[in-house]
Colleague: 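First, the structure itself, so that you have it in front of you.
None of these values were measured; they are calculated from a predicted model. Atom set for the values below is all heavy atoms of this structure, side chains included, hydrogens, waters and symmetry mates excluded.
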Amino acid sequence: MLEVNYIRENKEQVIHGLKKRNFTAGDLAIIDDILRLDDNRKSIQTELDALLAERNALSKEIGQLMQSGKKDEAESIRQKVAGLRDEAAVMESRMSENREQLQTLLYKVPNIPNESVPAGSSETDNEVYKAWEKDLPELSGEALPHWDLAKKYNIFDLDLGVKITGSGFPVYRGKGARFQRALIAFFLDRATAAGYEEIIPPLMVNEDTARGTGQLPDKEGQMYYVEKDDLYLIPTAEVPVTNIYRDVILNESDFPIKLTGYTPCFRREAGSYGAHVRGLNRVHQFDKIEIVQIQHPDRSYDTLQEMLAHVGSLLDSLELPYRILRLCGGDLGFTSALTFDFEVYSAAQKRWLEVSSVSNFETYQSNRLKLRYRDGKGTRLAHTLNGSALALARIVAALLENNQTPEGIVIPKVLQPYTGFELLN
RNA sequence: GGAGAGAUGGCCGAGUGGUCGAAGGCGCACGCCUGGAAAGUGUGUAUACUCCAAAAGGGUAUCGAGGGUUCGAAUCCCUCUCUCUCCGCCA
């Protein structure tokens with residue numbers, strides 16, 4: 001979330017940013033509400049602190065009087081302090097009420113979009129940041145979508161997943177399973193080669209962790225929740241991996257922190273059906289390799305570019321045609337300041353599939369995480385960034401479709417050492 | 001799951017109602033000492049909020065978390081979480 005002081009000092013900028021997220025004049029009233037509550041909080045605190053200071057001083061006096069045997073004097077002060085206590089109790093409850101209200105409002109304010117974020121209300125307004133310059137692959141009339149290819153070559157089975165679990169839980173088999181494992185290993189190797197530390201995190205997280213990266217309270221319905229133990233299944237490795245640095249104070253020399261993690265990802269994605277979401281296009285469980293960086297605020301946008309280049313190089317290696325979009329204000333995630341989406345072209349479906357999302361959260365997550373660094377004068381919030389590198393299910397879909405031949409599916413060269421076969425048939 | 005013990009600063013560890021944001025040690029930083037180092041020695045070394053135009057300097061809170069008793073809580077009481085030991089179960 002945003003810091004109140006930031007909102008106070010950059011009010012015009014904040015309002016400008018929220019407008020880009022299509023806040024109406026009515027919605028924007030929240031900003032003044034926040035500032036008013038914060039003013040209120042300050043004045044209550046000043047009053048309360050003074051009261052407590054007096055109480056502490058008098059209490060100390062009582063102690064001294066008691067020790068020197070002046071019981072009567074102590075008794076009279078004691079009565080005075082008892083009154084102070086009641087006053088303080090009232091003020092404390094006003095204080096906590098006020099703090100709760102303020103917190104609730106702050107949770108409702110999304111991150112301020114970066115200057116470069118285009119205006120717009122939906123995904124159709126996203127800007128093509130880097131187009132695909134070469135020709136798009138064309139397949140013959142017999143080309144099959146990946147769900148048909150999966151049946152033909154026994155790569156994955158969604159019906160079997162329904163039997164075992166429910167819809168949207170694919171079962172990968174044989175060479176399909178091996179292909180999956182090859183992609184994971186390839187992506188992890190490339191990430192570690194690029195200097196990211198490999199992490200295997202827990203797949204379930206507690207409430208504090210889910211709150212730290214912003215899944216709570218905004219996206220509660222997206223996560224599977226294990227009620228008995230009060231745990232959430234992770235929707236992305238971003239959640240447990242970034243939270244490694246929750247409540248941490250770094251030194252400037254620690255930057256950049258680069259982490260990567262492979263995990264299955266669980267998403268409820270309630271209420272989406274149709275041709276659009278067939279096959280692997282949208283499932284409840286999929287594998288993803290995530291890259292996370294924690295960086296000095298002055299360098300986070302360079303880091304974002306570095307991460308874009310990393311994801312791009314993976315797609316280049318896999319010989320997949322892709323384009324990069326800069327998300328508009330209306331499509332930008334709640335916690336993000338700037339997000340680039342990578343889309344891969346699926347020749348059989350004749351559409352672009354989102355395979356990666358790379359974002360700079362600036363201080364929005366770190367404020368919740370209390371992730372700071374020392375800069376000589378005091379502590380400041382660090383910047384957090386993350387990106388998929390890459391999400392498997394849709395990459396698999398695109399590779400199956402684009403690389404299909406009458407003999408089988410051609411495995412990209414870079415993956416062959418991992419699969420042990422050149423043709424998936 | 002059952003029984004017991006415990007949770008104090010970056011780390012170890014003292015502290016059972018007032019003089020405790022907290023002894024002592026380690027670590028770290030800076031200085032002295034030294035040809036240089038080690039040893040020795042001196043000083044400093046949490047976070048958040050807040051007051052002040054700012055600096056300096058005040059104030060408040062924080063001893064796992066939350067609540068309570070009290071004029072006053074690291075210390076007493078309650079609830080929760082976590083850790084350790086033993087037993088049970090188990091990949």
Side-chain angles (χ1 to χ4, degrees), chain A residues 1-9 34-106 200-212 216 225-232 240 243-255 257 264 363-382:
Chain A
M1 63 195 165
L2 298 176
E3 293 174 284
V4 180
N5 282 341
Y6 178 86
I7 296 176
R8 188 181 296 282
E9 282 157 28
I34 285 172
L35 294 178
R36 209 188 52 242
L37 276 170
D38 190 51
D39 286 341
N40 202 239
R41 188 200 104 249
K42 280 189 192 179
S43 70
I44 296 174
Q45 172 147 16
T46 305
E47 246 181 287
L48 177 61
D49 282 357
L51 207 61
L52 292 176
E54 193 184 348
R55 185 201 67 182
N56 288 345
L58 289 174
S59 291
K60 205 169 270 185
E61 222 175 290
I62 291 172
Q64 280 159 2
L65 289 171
M66 294 294 269
Q67 263 170 1
S68 53
K70 298 175 183 166
K71 282 207 164 175
D72 295 344
E73 279 181 59
E75 187 56 38
S76 77
I77 299 178
R78 178 181 298 183
Q79 275 163 19
K80 191 172 165 193
V81 181
L84 287 182
R85 184 184 52 170
D86 296 341
E87 239 180 287
V90 171
M91 222 173 275
E92 259 162 18
S93 78
R94 268 171 61 201
M95 182 84 173
S96 67
E97 194 184 322
N98 184 294
R99 189 178 311 131
E100 233 166 82
Q101 286 172 359
L102 183 59
Q103 191 71 266
T104 306
L105 290 191
L106 283 172
I200 299 181
L203 304 184
M204 290 192 189
V205 296
N206 59 30
E207 192 181 323
D208 284 346
T209 295
R211 201 175 289 280
L216 290 179
Y225 175 55
V226 181
E227 193 167 10
K228 191 157 186 173
D229 296 290
D230 201 16
L231 294 173
Y232 296 86
N243 270 277
I244 292 174
Y245 286 91
R246 173 155 51 85
D247 287 320
V248 168
I249 301 176
L250 299 163
N251 294 313
E252 282 190 82
S253 57
D254 295 329
F255 293 127
I257 287 169
T363 60
Y364 197 88
Q365 286 185 328
S366 56
N367 190 30
R368 287 202 192 174
L369 293 162
K370 298 207 197 77
L371 164 50
R372 292 155 290 169
Y373 68 96
R374 281 180 238 277
D375 75 342
K377 280 186 187 165
T379 64
R380 290 180 63 197
L381 295 173

Colleague: Quote, to the nearest angstrom, the C1' distance that separates B:C32 from B:A38.
Modeller: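 So the two C1' atoms sit 15 Å from each other.
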
Colleague: Can you tell me, in whole Å, how much space there is between the C1' of B:U62 and that of B:C20?
Modeller: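 Here B:U62 and B:C20 have their C1' atoms 13 Å from each other.
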
Colleague: In this structure, how many angstroms lie between the P atom of B:U70 and the CD atom of A:Glu75, rounded?
Modeller: 14 Å

Colleague: Roughly how many Å is it from CD1 in A:Ile44 to P in B:C51, rounded to a whole number?
Modeller: 13 Å

Colleague: Checking base pairs now: Watson-Crick or wobble, both atom distances under 3.5 Å. What partners B:A7?
Modeller: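 With both distances under 3.5 Å, B:A7 matches B:U81.
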
Colleague: Please tell me if the side chains of A:Met91 and A:Met95 come closer than 4.5 Å, counting only heavy atoms from C-beta onward.
Modeller: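 No - every pair of side-chain heavy atoms lies 4.5 Å or more apart.
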
Colleague: Would you be so kind as to tabulate the donor-acceptor pairs closer than 3.5 Å made by side chains of residues 202-212 of chain A, with sequence neighbours excluded?
Modeller:
unit_1, atom_1, unit_2, atom_2, d
A:Asn206, OD1, A:Asp208, N, 3.3
A:Asn206, OD1, A:Thr209, N, 2.9
A:Asn206, OD1, A:Thr209, OG1, 3.0
A:Glu207, OE2, A:Arg211, NH2, 2.9
A:Thr209, OG1, A:Arg246, NH2, 2.9

Colleague: Would you mind reading off the distance between A:Asp49 atom CG and B:A61 atom C1', rounded to a whole angstrom?
Modeller: 8 Å

Colleague: Judged by atom type as modelled, is there a donor-acceptor pair below 3.5 Å linking the side chain of A:Ser366 to the main-chain atoms of A:Ala382?
Modeller: yes

Colleague: My understanding is that only residues two or more places apart in sequence, or in another chain, count here; which of them pass side chain to side chain contact (heavy atoms under 4.5 Å, CB included) with A:Asp229?
Modeller: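 Testing A:Asp229 for side chain to side chain contact (heavy atoms under 4.5 Å, CB included), a comparison that skips the adjacent residues, returns A:Val226, A:Leu231.
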
Colleague: Which is more 5' along RNA chain B, the nucleotide nearest A:Leu58 or the one nearest A:Glu54? Just name the residue.
Modeller: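 By nearest-heavy-atom nucleotide position, the 5'-most residue is A:Glu54.
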
Colleague: Between P on B:C49 and CG on A:Leu106, what's the gap in Å once rounded to a whole number?
Modeller: 13 Å

Colleague: Using the side-chain heavy atoms of A:Arg41, tell me which of these nucleotides is nearest: B:U60, B:C71, B:U50.
Modeller: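 So the nucleotide nearest the side chain must be B:U50.
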
Colleague: Could you state the CZ-P distance from A:Arg380 to B:A48, rounded to the nearest angstrom?
Modeller: 13 Å

Colleague: Look for any protein N or O under 3.5 Å of an N or O in nucleotides 44-47 of chain B and output each such pair with its distance, or none.
Modeller:
unit_1, atom_1, unit_2, atom_2, d
B:U47, OP1, A:Arg374, NH1, 2.7
B:U47, O3', A:Arg372, NH1, 3.0

Colleague: Between B:G13 and B:G27, how far is it from one C1' atom to the other, in whole Å?
Modeller: 14 Å

Colleague: When you compare B:A29 with B:A46, how far apart are their C1' atoms, in angstrom units rounded to a whole number?
Modeller: 15 Å

Colleague: Please compare A:Met95 and A:Gln64 by the position of their nearest nucleotide in RNA chain B and report the one closer to 5'.
Modeller: A:Gln64

Colleague: Looking at A:Ala89, is its backbone amide N or carbonyl O close enough to the side chain of A:Asp86 to form a donor-acceptor pair, meaning the two atoms are under 3.5 Å apart?
Modeller: no

Colleague: What is the distance from atom CD of A:Gln103 to atom CG of A:Leu37, rounded to the nearest 0.5 Å?
Modeller: 11.5 Å

Colleague: Measure from the side-chain heavy atoms of A:Leu52 and tell me the nearest of B:C51, B:A61, B:G59.
Modeller: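 Taking heavy atoms from C-beta onward, the closest nucleotide is B:A61.
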
Colleague: What interatomic distance, in whole Å, is found between P of B:A61 and the corresponding atom of B:A7?
Modeller: 24 Å

Colleague: Could you list, one pair per line, each protein nitrogen or oxygen that sits under 3.5 Å from a nitrogen or oxygen of nucleotides 72-74 of chain B, together with the distance?
Modeller:
unit_1, atom_1, unit_2, atom_2, d
B:G72, O4', A:Ser59, OG, 3.2

Colleague: For residues A:Tyr373 and A:Ile249, determine if any side-chain heavy atom of one lies less than 4.5 Å from a side-chain heavy atom of the other.
Modeller: no

Colleague: Suppose you measure atom C1' in B:G88 against the same atom in B:U75; what distance do you get, rounded to whole Å?
Modeller: 37 Å

Colleague: In whole Å, what separates the C1' atom of B:G21 from that of B:U45?
Modeller: 13 Å

Colleague: Tell which nucleotide pairs with B:G17, taking only Watson-Crick or G-U wobble pairs whose two distances are both under 3.5 angstrom.
Modeller: none

Colleague: How long is the straight-line distance from CG of A:Leu84 back to CD1 of A:Ile77, given to the nearest 0.5 Å?
Modeller: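 Between atom CD1 of A:Ile77 and atom CG of A:Leu84 there are 11.5 Å.
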
Colleague: Answer yes or no: is there a side-chain heavy-atom contact under 4.5 Å between A:Leu35 and A:Ile7?
Modeller: yes

Colleague: Any base atoms under 4.0 Å from A:Ile62, or only sugar-phosphate, or nothing? Heavy atoms, all strands.
Modeller: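 Base contact - A:Ile62 has a heavy atom under 4.0 Å of at least one base atom.
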
Colleague: Return the nucleotide paired to B:A23: Watson-Crick means purine N1 to pyrimidine N3 with N6-O4 or O6-N4, wobble means G-U with N1-O2 and O6-N3, both under 3.5 Å.
Modeller: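 Paired with no nucleotide.
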
Colleague: Using Watson-Crick or G-U wobble geometry with both distances below 3.5 Å, tell me the partner of B:A74, or none.
Modeller: none

Colleague: Write down the distance between CE (A:Met91) and C1' (B:C49), rounded to a whole number of angstrom.
Modeller: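 Nearest whole value for this atom pair: 16 Å.
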
Colleague: Around atom CG of A:Asn251, are there more than 12 heavy atoms of other residues, nucleotides or ligands at under 6.0 Å?
Modeller: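 Yes - once you tally the heavy atoms of other residues, nucleotides and ligands closer than 6.0 Å, there are more than 12.
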
Colleague: What residues, two or more places apart in sequence or in another chain, satisfy side chain to side chain contact (heavy atoms under 4.5 Å, CB included) together with A:Arg78?
Modeller: A:Ile62, A:Met66, A:Glu75

Colleague: Counting Watson-Crick and G-U wobble pairs only, both distances under 3.5 Å, name the nucleotide matched with B:C52, or none.
Modeller: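 When the pairing criteria are applied, nothing turns out to pair with B:C52, so the answer is none.
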
Colleague: Given that both distances must come in under 3.5 Å, which nucleotide forms a Watson-Crick or G-U wobble pair with B:U62?
Modeller: B:A46

Colleague: B:G58 and B:U41: how far apart are their C1' atoms, nearest whole angstrom?
Modeller: 34 Å

Colleague: Could you tell me the separation between the CG atom of A:Asp230 and the P atom of B:C80, rounded to a whole number of Å?
Modeller: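 From A:Asp230 CG to B:C80 P: 15 Å.
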
Colleague: Would you be so kind as to tabulate the donor-acceptor pairs closer than 3.5 Å made by side chains of residues 40-47 of chain A, with sequence neighbours excluded?
Modeller:
unit_1, atom_1, unit_2, atom_2, d
A:Asn40, OD1, A:Asn98, ND2, 2.8
A:Arg41, NH1, A:Asp38, OD1, 2.1
A:Ser43, OG, A:Asn40, O, 3.1
A:Thr46, OG1, A:Lys42, O, 2.8

Colleague: Applying a 3.5 Å limit to both distances, which nucleotide forms a Watson-Crick or G-U wobble pair with B:G40?
Modeller: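 Across any shown strand, B:G40 pairs with B:C32.
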
Colleague: Take atom CD of A:Glu73 and atom C1' of B:G18, then tell me their distance rounded to the nearest Å.
Modeller: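 Roughly 17 Å, once rounded to whole Å.
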
